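A quick write-up on the structure given underneath.
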Amino acid sequence: MDDLPLIEVEGFLLVSVQTDLHDELAQRLNQRICEHIARSGSRGVIIDISTVEILDTYMGRMLEIIAAASRLLGAQTMLVGMRPEVAMTLVELGMQLQGIHTALNLDRGLARMRELTAGS
Amino acid sequence: MTAHQNYILVALKHQRDEILQHWFDHQRRNETIDSALVDSADLQRHAAELLDEFASLIESRQLSDITKDDLEQLRDSMRSTARFFDRRGQQPAEIALFILSLKHALLKVLPPHYSDAAELASEVAAISEILDDLGLFCFQVTVEQREATIREQQAELTELSVPVIKLWDNVLVLPIIGTLDSLRAQTLMERLLTRIASTGDRFAIIDISGVPTVDTMTAQHLTKTLRAVQLMGADCVITGLRPDVAQTMVSLGIDLSQFTTRFSLADGFGMCLDRLGLAVQDKRS
């Protein structure tokens, strides 16, 4: 059970979620992201979920928590690479994913993030 | 017992043509199979095939021992015959009557072979049972065939009912005509999201000017679709909201405020172009 790698790209924090985010892993991810933002002053967190096939309400809630905590520290959160079936499941479950930006892929996500954080 | 068995077999082998002739005569008199739909050469070919299959079944088994499992081969030829007639527009009942009328032909040929009336009766009863089974089977096959056709057409109709059109680079349009029910909404969402995932389009315009009424269910389907599109990182615009529809939505308490809406498709398209940093220019000026 290794921690997910946190990568810095263009001053943003990139997390690629490739395994099931269970309790402990999600908690620690949240903590590590917050610490990283505090340390580096990063203005954005990009979470890549292109390999995630199942996203349940727990994981959705965890993502909202991460986004809320990051926002308090002055960073935007962007979810990239969501699969169609995941998007459909989320809306059926009624998950709003509040406070989270979304983009089709990492490329678009980075571009959008640059726009969002420009001039601030 | 084997001796009786042979009478039928002998009749089927030696009087084959006679039986077929009786069968056709009966057909012609009753017009069960319409000669305008199935030509007589085809009819004769199928009838002969069935009769031979029937003969080989009786050859392989005691008439009294024949079980449902032994009928498989006969059923296979019956299936192909039934489908053949069905494709040519015969009704299921007529196809069933066609096979059942073989009884009449056999009844014309068999009696002279038997000296004992009771024997004849029991043999005829056994044959009747097999033919009745085939008759019902015919019916089942044709009805199944028709149901399959209906299902296929329904699927095609659903496919056709939600076109996803590329209007410009990065702009998709989904004109919805008619009521947006659950099945259609689901197909629409699936197709739109899959399209966005594969082509990376940035905008989807859903035009609902062809939707007669928007109730809470329709609105819920729309909201889900819009939200799913947003989650995929694309933007959605709803256009074609007529004044009365807009009023109904407000009075129903449907809230689309988190989504972009425009009156006409043209307005929506203009907004998309604007957001993409594109503009339409008048060449004359």
Side-chain angles (χ1 to χ4, degrees), chain A residues 12 14-17 44-57 59-64 66-67 76-118, chain B residues 158 162 164 166 169-172 174 180-204 206 216-238 254-260 272 274-277:
Chain A
F12 304 123
L14 174 64
V15 191
S16 177
V17 179
V45 180
I46 299 175
I47 304 174
D48 179 58
I49 55 164
S50 53
T51 54
V52 175
E53 285 174 6
I54 297 164
L55 214 158
D56 55 15
T57 44
M59 209 159 142
R61 183 82 195 108
M62 267 339 279
L63 290 172
E64 282 182 346
I66 291 173
Q76 310 265 8
T77 302
M78 171 93 56
L79 212 51
V80 301
M82 189 183 293
R83 296 183 178 211
E85 56 271 26
V86 172
M88 275 185 266
T89 318
L90 281 181
V91 294
E92 288 303 330
L93 290 172
M95 287 297 299
Q96 287 297 315
L97 293 187
Q98 270 166 3
I100 304 180
H101 303 282
T102 47
L104 186 76
N105 51 34
L106 185 55
D107 216 29
R108 293 257 181 99
L110 276 171
R112 182 92 184 93
M113 197 56 114
R114 278 196 292 270
E115 281 172 31
L116 283 171
T117 55
Chain B
T158 318
V162 279
V164 181
K166 178 179 168 168
D169 278 348
N170 283 314
V171 183
L172 297 174
L174 292 91
L180 189 65
D181 59 12
S182 303
L183 180 67
R184 237 180 126 184
Q186 183 72 25
T187 323
L188 180 133
M189 201 201 288
E190 270 173 33
R191 294 188 57 178
L192 179 55
L193 296 191
T194 322
R195 177 69 172 261
I196 290 172
S198 64
T199 58
D201 291 295
R202 285 167 193 265
F203 291 98
I206 299 182
T216 41
M217 275 308 274
T218 314
Q220 206 191 352
H221 292 317
L222 274 177
T223 319
K224 279 183 184 168
T225 310
L226 295 174
R227 186 63 194 137
V229 169
Q230 286 185 342
L231 286 176
M232 296 279 300
D235 273 324
C236 225
V237 187
I238 300 187
I254 298 164
D255 182 21
L256 292 179
S257 61
Q258 42 176 330
F259 307 108
T260 319
C272 293
D274 193 44
R275 297 264 294 273
L276 286 167

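What you see is a predicted model, and the numbers here were worked out from it, not measured in a lab. Here is the naming used below: chain letters follow the sequence lines, and residue numbers restart at 1 for every chain.
Between the side chain of B:Arg227 and the backbone N or O of A:Gln96, at least one donor-acceptor pair lies under 3.5 Å. Within the 3.5 Å criterion, the main-chain N or O of B:Gln230 finds a donor-acceptor partner in the side chain of A:Thr102.
If you measure heavy-atom distances from B:Leu192 to chain A, you find no contacts under 4.5 Å at all. B:Ala234 does not touch chain A: none of its heavy atoms, backbone or side chain, sits under 4.5 Å away.
Top candidate by heavy-atom pairs under 4.5 Å with chain A, chosen from B:Met232, B:Gln186, B:Met189, is B:Met232. Here A:Arg108 is the residue among A:Met88, A:Arg108, A:Met82 with the most heavy-atom pairs under 4.5 Å with chain B. The candidate with the highest count of non-hydrogen atom pairs below 4.5 Å against chain B, out of A:Ala87, A:Gly109, A:Pro84, A:Ala103, is A:Pro84.
To the nearest 0.5 Å, the span separating CG on A:Leu104 from CG on B:Asp201 amounts to 9.0 Å. Taken to the nearest 0.5 Å, the CG atom of B:Leu193 stands 13.5 Å off from the CZ atom of A:Arg83.
Enclosure of atom CG in A:Asp107 is not indicated, since only 12 or fewer non-hydrogen atoms of other residues, nucleotides or ligands lie within 6.0 angstrom.
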